[in-house]
2 protein chains.
Amino acid sequence: MALSHAILAALLGAPCSGYDLQKRFEGSVGFFWQASFQQIYRELNKLEELGWLTSSTVRQQNRPEKKIYQITEMGQESLKAWIAEPCDMAPIRDDLLVKVFAGSLVPTQAFLAELEHHQAQHRQRLAIYQQIEQQFFPTPESLSIADKFRYLALQNGIHYETAWLAWCEEAMGAIVSS
Amino acid sequence: MALSHAILAALLGAPCSGYDLQKRFEGSVGFFWQASFQQIYRELNKLEELGWLTSSTVRQQNRPEKKIYQITEMGQESLKAWIAEPCDMAPIRDDLLVKVFAGSLVPTQAFLAELEHHQAQHRQRLAIYQQIEQQFFPTPESLSIADKFRYLALQNGIHYETAWLAWCEEAMGAIVSS
DNA sequence: TAAACATATTCAATTAATTGAATATTAGCT
DNA sequence: AGCTAATATTCAATTAATTGAATATGTTTA
């Protein structure tokens, strides 16, 4: 199961609280494995029970106290083992594509609006990726090994969104001309 | 929830049994919303209770009897309503990408092997899509409206796999040169 | 001063998905 | 006669994910 390992991966950088993790998820690993905050908190408890994380409660002034989680040696080993074991390509589960499949049932205009909506979302996501690219990876030739991998993950996102946008254009063209 | 609607969409073409549906899923809607046969049977029962499907038991010679499911008027309406209501872009949940994210933890060779494995899988999937394209959509200009939408779904798959393969090349190049 | 926002976490209910097994019929192979 | 494979369906256990609510503290804003 990947959520636990996504959390471990996110904690590699620096120890943090569930709340921070949730925030960190948006804008990094969360692009590739999203999870709700309830899921994250539940998983953190489970991982601590397993001994893959340790926590320490920190009292703050002006704020509720928080629990800082840190990855353990065991956690790192488990993460490594999981990365090393082969996996299959992720199955697709995309509402829009099953809608497209039966799209002839609804009026063309309605469908076009939906495609525009998705186009906008994919454009926005691509813009986010490109902003991260410029901000964090201005010189991709000279990256640490860890950053090189993060850069590759980002590039995957960019390829993905670019392909979606190309398809949106194509699909909208095909639909209006019918 | 999309599984029910994916099943309805698959039944639009022709009524069939759970077993046939399962087979039909591989090679059409199933590319965009995969489901196990247990899921499909459970869902068929649920959809029949809702009145979106009707079934009739067919005794066959030389084979166990089967239940043929057919979409009802209500089922079609529900499918239309679902297609018409807007949805967000599908979240990504991809093991490999969270592995890439923390890929620096494992030896380069191991990671390269995993990438080759995925490259092979995506190549294979692309080949399947292209075979479907040649077999069922040789002249995309002259398609019925229903087929035009199915063709667009297929094109999405082709874009998706092509993007993955481009990324695989890039990633493998970046990893060997480090 | 009340409302809204940000921090920080937990609990419970439900739905969906995965995994493994069981059952029944017939065909074809060794 | 026994084995495998294909057809055809069901049940049960578990894990994962979604949804909605509740609680607590402090800051900013209207």
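All chains are named by letter (A, B, ...) in the order of the sequence lines, taking the proteins before the strands, and each is independently numbered beginning at 1. All figures in this text were calculated on a predicted structure; none of them were measured in a lab. In what follows, every heavy atom counts, from backbone to side chain, and hydrogens, waters and symmetry copies are set aside.
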First of B/Gln38 and A/Gly18 reached from the 5' end of DNA chain C, by closest nucleotide
A/Gly18
Does any N or O in the side chain of B/Lys99 come within less than 3.5 Å of the main-chain N or O of A/Glu85, such that one atom is a donor and the other an acceptor?
yes
Whether the side chain of A/Trp52 engages the backbone of A/His5 through a donor-acceptor N/O pair (distance < 3.5 Å, no angle test) should be reported.
no
Nearest whole Å is fine: how far is C/dA24 C1' from B/Gln60 CD?
13 Å
B/Pro91 vs B/Gln22, nearer the 5' end of DNA chain D by closest nucleotide:
B/Gln22
Closest non-hydrogen contact found for B/Phe111 with B/Gly103 is CE1-CA, 3.6 Å
Would you say A/Arg125's side chain and A/Glu161's backbone share a donor-acceptor pair under 3.5 angstrom?
no
Return the value, rounded to whole Å, for the distance between atom OH of B/Tyr41 and atom C1' of C/dT23.
13 Å
Which nucleotide of DNA chain D is the first, and which the last, in the 5' to 3' direction, to come under 4.0 Å of a heavy atom belonging to chain A?
D/dA16 to D/dT27
Tell me which of B/Arg93 and B/Tyr19 sits closer to the 5' end of DNA chain D, going by the nucleotide each one is nearest to.
B/Tyr19
Taking the side chain from B/Tyr41 and the backbone from B/Tyr19, do they hold a donor-acceptor pair closer than 3.5 Å?
yes
4.5 Å side-chain heavy-atom contact, B/Leu12 and B/Leu8
no
Heavy-atom nearest nucleotide on DNA chain C taken for B/Ser36 and for A/Lys23; more 5' hit belongs to A/Lys23
